[in-house]
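Worth saying up front: this structure is predicted, and the values here are computed from it rather than measured.
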Amino acid sequence: MKMIMAIIKPFKLDDVREALGEVGIAGITVTEVKGFGRQKGHTELYRGAEYVVDFLPKIKIEAAVDDSQVDRAVEAVMNAANTGKIGDGKIFVYDLQRVVRIRTGELDNDAL
C-alpha cells in the first residue's frame, strides 16, 4: 500500500479529482495549504506599494492506494494538474505500513 500526496494549484482540484475517479481511486483527502518551491513566491502591487508574497495558496491531495494502482494514479494526477507553467506542484509517494478502518476494524487493503 502507498500514500500518494500531491501539491497542486487550487484551480486544478476538480480536474485531478475527476482523473483519480476515472482510474478507480475511491477516496481522497483535500487540504488547503500554503507554500513555495523554486518559484520563491512572487511580488504583488497593492495600493501603489510592492510587497512579496512568500507563501502561495496550494491544495494538498492525499490518497491511500493499493500498490497496483500507484502508477495509474500518479499519471492521472500528473496529466490533470499540468499547466506547463512554474508552480504546477509535486507528487510524493510513500509506503503505508498499516491501514485500519475504524468502523469495522478491517485492516490494510480491505480497509482501503
Side-chain angles (χ1 to χ4, degrees):
M1 296 174 303
K2 304 282 189 217
M3 178 64 80
I4 297 174
M5 178 177 58
I7 308 295
I8 63 168
K9 291 182 175 183
F11 67 89
K12 285 299 205 169
L13 175 59
D14 287 336
D15 295 340
V16 171
R17 184 183 52 80
E18 288 175 15
L20 286 172
E22 288 173 7
V23 297
I25 305 303
I28 63 172
T29 300
V30 175
T31 311
E32 292 182 14
V33 296
K34 291 184 179 192
F36 67 89
R38 290 184 182 165
Q39 70 213 53
K40 303 278 193 269
H42 64 279
T43 303
E44 287 189 2
L45 193 60
Y46 179 71
R47 294 189 179 189
E50 260 189 29
Y51 66 99
V52 176
V53 178
D54 290 331
F55 295 99
L56 301 173
K58 300 288 182 176
I59 295 290
K60 178 169 72 171
I61 298 173
E62 296 171 296
V65 301
D66 183 71
D67 289 334
S68 64
Q69 296 177 302
V70 172
D71 292 335
R72 289 182 305 162
V74 167
E75 187 175 338
V77 172
M78 213 165 49
N79 291 336
N82 185 14
T83 66
K85 295 186 170 52
I86 192 165
D88 274 351
K90 291 206 172 43
I91 302 170
F92 304 93
V93 179
Y94 49 95
D95 289 323
L96 284 179
Q97 293 188 9
R98 169 73 31 111
V99 177
V100 179
R101 182 173 302 208
I102 294 172
R103 180 177 54 86
T104 62
E106 292 171 295
L107 298 175
D108 301 330
N109 284 334
D110 293 333
L112 293 178

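- In terms of heavy atoms, V99 sits closest to A111 at CG1-CB, 3.6 Å.
- Each of D110, I102, D108 was checked for a side-chain contact (heavy atoms from CB on, under 4.5 Å) with E106, and the lone residue meeting it is D110.
- With sequence neighbours left out, the side chain to side chain contact (heavy atoms under 4.5 Å, CB included) criterion links M78 to I91.
- Between the D88 side chain and the T83 main chain, a donor and an acceptor come within less than 3.5 Å of each other.
- In E62, the CD atom is crowded: over 12 heavy atoms of neighbouring residues, nucleotides or ligands sit closer than 6.0 Å.
- Linking Ile, Leu, Val, Met, Phe, Trp and Tyr residues whenever their side-chain heavy atoms come within less than 4.5 Å leaves L56 and I59 in two separate clusters.
- Put simply, the side chain of I61 does not reach to within 4.5 Å of the side chain of M5, judged on heavy atoms.
- Between the CD atom of Q69 and the CG atom of L112 there is a distance of 8.0 Å, given to the nearest 0.5 Å.
- K58 places none of its side-chain heavy atoms less than 4.5 Å from the side chain of E32.
- The two residues I86 and K9 have their closest heavy-atom pair at O-NZ, 3.4 Å.
- Nearest heavy atom pair, residue A80 against residue D15, reads CB-O, 3.6 Å.
- Not a single donor-acceptor pair under 3.5 Å links the side chain of D66 to the backbone N or O of M1.
- In terms of hydrophobic clustering, with Ile, Leu, Val, Met, Phe, Trp and Tyr side chains grouped at heavy-atom distances under 4.5 Å, V93 and V23 are assigned to a common cluster.
- Separation of atoms CD1 (I8) and NZ (K90) is listed at 14.0 Å; rounding is to 0.5 Å.
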Please evaluate residues F92 and I7 with respect to the criterion side chain to side chain contact (heavy atoms under 4.5 Å, CB included), reporting the C-alpha separation (whole Å), side-chain torsions for both, the decisive distance (0.1 Å), and the verdict.
CA-CA 9 Å; F92 304 93; I7 308 295; 4.2 Å; yes

For L20 and I28: C-alpha separation, side-chain torsions, deciding distance, then whether side chain to side chain contact (heavy atoms under 4.5 Å, CB included) applies.
CA-CA 9 Å; L20 286 172; I28 63 172; 3.8 Å; yes

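- Atom CG of residue L96 and atom CZ of residue R98 lie 11.5 Å apart, to the nearest 0.5 angstrom.
- Taking CG of L13 as the start and CD of E18 as the end, the distance is 10.0 Å to the nearest 0.5 Å.
- Considering OG1 of T29 and CE of M3, their distance stands at 7.0 Å, rounded to 0.5 Å.
- Under a hydrophobic clustering in which Ile, Leu, Val, Met, Phe, Trp and Tyr are joined whenever their side-chain heavy atoms come within less than 4.5 Å, directly or via other members, V74 and V30 fall into the same cluster.
- Rounded to the nearest 0.5 Å, atoms CD1 (I4) and OH (Y94) are 10.0 Å apart.
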